[in-house]
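Computation of the quantities below employed the complete heavy-atom set of this structure, encompassing side-chain atoms and omitting hydrogens, waters and symmetry-equivalent molecules. For clarity, every value in this text was computed on a predicted model and none was experimentally measured.
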Amino acid sequence: MQSKSRSTTHNSHFSGAKPIKLCESAKNLSRFPAAAAENSSNSSVMAGTTVVVFDFDHTIIEDNSDTWIVEEMGLTHLFDQLRRTLPWTTLMDRMMEELHSQGKTVDEIAECLRRVPMSPRTVSAIKKAKALPGCELRIISDANQFFIETILKHYGLFDCFLEIVTNPSIIEEGGRLKILSYHDSVSSPHGCNLCPPNLCKGLVIEQIQASIVENWKGRIIYLGDGRGDFCPSLKLGEGNYVMPRKDFPLWKKICDNRKLIKAEVHEWSNGEELEKILIRLIDTNSNEDNFEASSNPTQFKSCNCNIA
């Protein structure tokens, strides 16, 4: 069973929209502001801000939320039968249909999701970053709204994020959880050959960059692990950071295409390294003189992959 990532959203917090209720509507649920956005009245990223953008599966959590549900709820055989015939997001929606037909409830799905492991150091890193002045946190994920929101609330992290971009989800009247795609590949394809048809994370990064005020002195830090995280990594210029998880597809892709990445790259392997590197990079933005990248033993250029 291969790994992946997914995502959902509503009107972004930049438009001043209030946070939507979980699965409130099927319309425009591909981008939804988390609770932290409720008090935000600024329509653009503030000067001096560090914007930290996380992937979700295998980055914030230590597993893949989709395959976790498939395996833990006994759907592996059907999933493997359909894997080559359906796009991933459509396949996951089919898995939700199957669970509903078996009499499984949304509460049972949520209870299963609450068992997804997350490193305590990742929890700590997110809370520390959120508490730092001028730092805002976002998620761009190929998972889905219901899965992400359920897990984040369980770990007490939902309020830490200003915005979560992922595949929308709704709970239908009969109690069936339905998962939709962020991008409609038929009516509005994103046209990116690096990303899956349901979500181009690079386009989302470009939207964040377009919202940044002129002469902004801050930086974007992007953390991810999967192939779908390569496109947004390409969108970041000098002065920004990419944090790929070591030995995962994004890390390997960067190893093979190092010259294409303009942002400074810092690898990490576990929650402890994620916390140390992330907080240090955020501090760098506020006090450049206290950080010397060339002396950082966890910086990517010191790793053992084949980089010219």
Side-chain angles (χ1 to χ4, degrees), residues 5 7 9 12-14 31 33-37 40 42 44-61 118-119 121-141 143 148 152 155-166 201-202 204-209 211-213 216-226 228-229 232-233 235-245 250 261 263-268 270-288 291 293 296 298-300:
S5 56
S7 167
T9 306
S12 112
H13 78 277
F14 294 134
R31 188 183 205 117
S40 175
N42 199 346
S44 58
V45 177
M46 297 180 295
T49 296
T50 297
V51 180
V52 183
V53 182
F54 293 84
D55 173 44
F56 189 70
D57 293 324
H58 289 297
T59 300
I60 290 180
I61 62 174
M118 186 185 302
S119 168
R121 297 297 292 270
T122 301
V123 175
S124 174
I126 291 170
K127 291 182 176 179
K128 285 181 180 179
K130 174 63 174 62
L132 292 174
C135 184
E136 65 177 48
L137 278 55
R138 304 171 186 238
I139 292 173
I140 308 175
S141 170
I148 293 173
L152 290 180
Y155 284 99
L157 297 176
F158 181 68
D159 290 352
C160 293
F161 295 93
L162 188 64
E163 183 183 46
I164 300 172
V165 180
T166 186
K201 295 183 178 183
V204 181
I205 288 292
E206 288 180 337
Q207 291 167 359
I208 293 173
Q209 291 170 326
S211 73
I212 292 174
V213 296
W216 184 62
K217 300 300 183 182
R219 292 173 182 172
I220 295 175
I221 303 173
Y222 187 90
L223 297 90
D225 72 285
D229 296 309
S233 299
K235 305 295 183 182
L236 300 179
E238 294 181 4
N240 299 296
Y241 302 102
V242 177
M243 291 180 57
R245 189 164 193 175
L250 174 62
I261 303 296
E264 192 171 290
V265 183
H266 293 259
E267 64 182 28
W268 58 281
N270 52 48
E272 180 180 1
E273 291 181 1
L274 182 154
E275 181 180 24
K276 288 180 179 179
I277 297 169
L278 176 61
I279 299 306
R280 190 173 187 184
L281 291 179
I282 295 172
D283 287 341
T284 301
N285 197 32
S286 59
N287 191 356
E288 190 79 37
F291 183 81
N296 181 5
T298 57
Q299 191 175 2
F300 190 76

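- Expressed to the nearest 0.5 Å, how far CG of Asp159 lies from NZ of Lys127 amounts to 10.5 Å.
- The distance from atom CZ of Arg219 to atom OG1 of Thr49, rounded to the nearest 0.5 Å, is 13.5 Å.
- In this structure, Leu281 and Thr50 have side chains that are not in contact, with every pair of non-hydrogen atoms separated by 4.5 Å or more.
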Please step through side-chain contact (heavy atoms from CB on, under 4.5 Å) for the pair Trp268 and Thr59, ending with a clear verdict. CA-CA 10 Å; Trp268 58 281; Thr59 300; 4.0 Å; yes

Check step by step if side-chain contact (heavy atoms from CB on, under 4.5 Å) holds for Asn270 and Ser119. CA-CA 8 Å; Asn270 52 48; Ser119 168; over 6 Å; no

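- Atom CD1 of Ile164 is separated from atom CG of Leu152 by 5.5 Å, given to the nearest 0.5 angstrom.
- Of the N and O atoms on the side chains of Asp229 and Tyr222, at least one donor lies less than 3.5 Å from an acceptor on the other residue.
- Note on Lys201 versus Asp55: salt bridge recorded, some NZ/NE/NH1/NH2 to OD/OE distance being below 4.0 Å.
- Screening Ile220, Ile221, Leu236, Leu137 against Val53 for a side-chain contact (heavy atoms from CB on, under 4.5 Å) leaves a single residue, Ile220.
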After noting the C-alpha distance and the side-chain angles of Glu273 and Arg121, does the key distance pass the side-chain contact (heavy atoms from CB on, under 4.5 Å) rule? CA-CA 9 Å; Glu273 291 181 1; Arg121 297 297 292 270; over 6 Å; no

Going through the distances and angles, do Arg138 and Phe161 end up as a side-chain contact (heavy atoms from CB on, under 4.5 Å)? CA-CA 5 Å; Arg138 304 171 186 238; Phe161 295 93; 5.6 Å; no

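- Interatomic distance, Ile140 CD1 to Glu163 CD, rounded to the nearest 0.5 Å: 8.0 Å.
- Counting heavy atoms from C-beta on, the side chains of Ile126 and Tyr155 never come closer than 4.5 Å.
- To the nearest 0.5 angstrom, Ile60 atom CD1 is 11.0 Å from Asp225 atom CG.
- Minimum interatomic distance between Ile277 and Glu267 (heavy atoms only, all atoms of both residues): CD1-O, 3.1 Å.
- A pairwise comparison of heavy atoms in Leu250 and Gly226 identifies CB-O, 3.4 Å as the closest pair.
- Lys235 and Ile205 make their closest contact through CB-CG2, 3.8 Å (heavy atoms, listed as atom of the first residue, atom of the second, distance).
- One distance of note links CD1 of Ile148 with CD1 of Ile61; it measures 8.5 Å at 0.5 Å rounding.
- Shown here for Gly271 and Thr122, the closest heavy-atom pair between the two residues is CA-OG1, 3.6 Å.
- Taking both residues in full, the closest heavy atoms of Ile279 and Ala125 are given as CD1-O, 3.9 Å, listed atom of the first, atom of the second, then distance.
- Here the closest heavy-atom approach between residue Leu162 and residue Glu136 is recorded as CD2-OE1, 3.5 Å.
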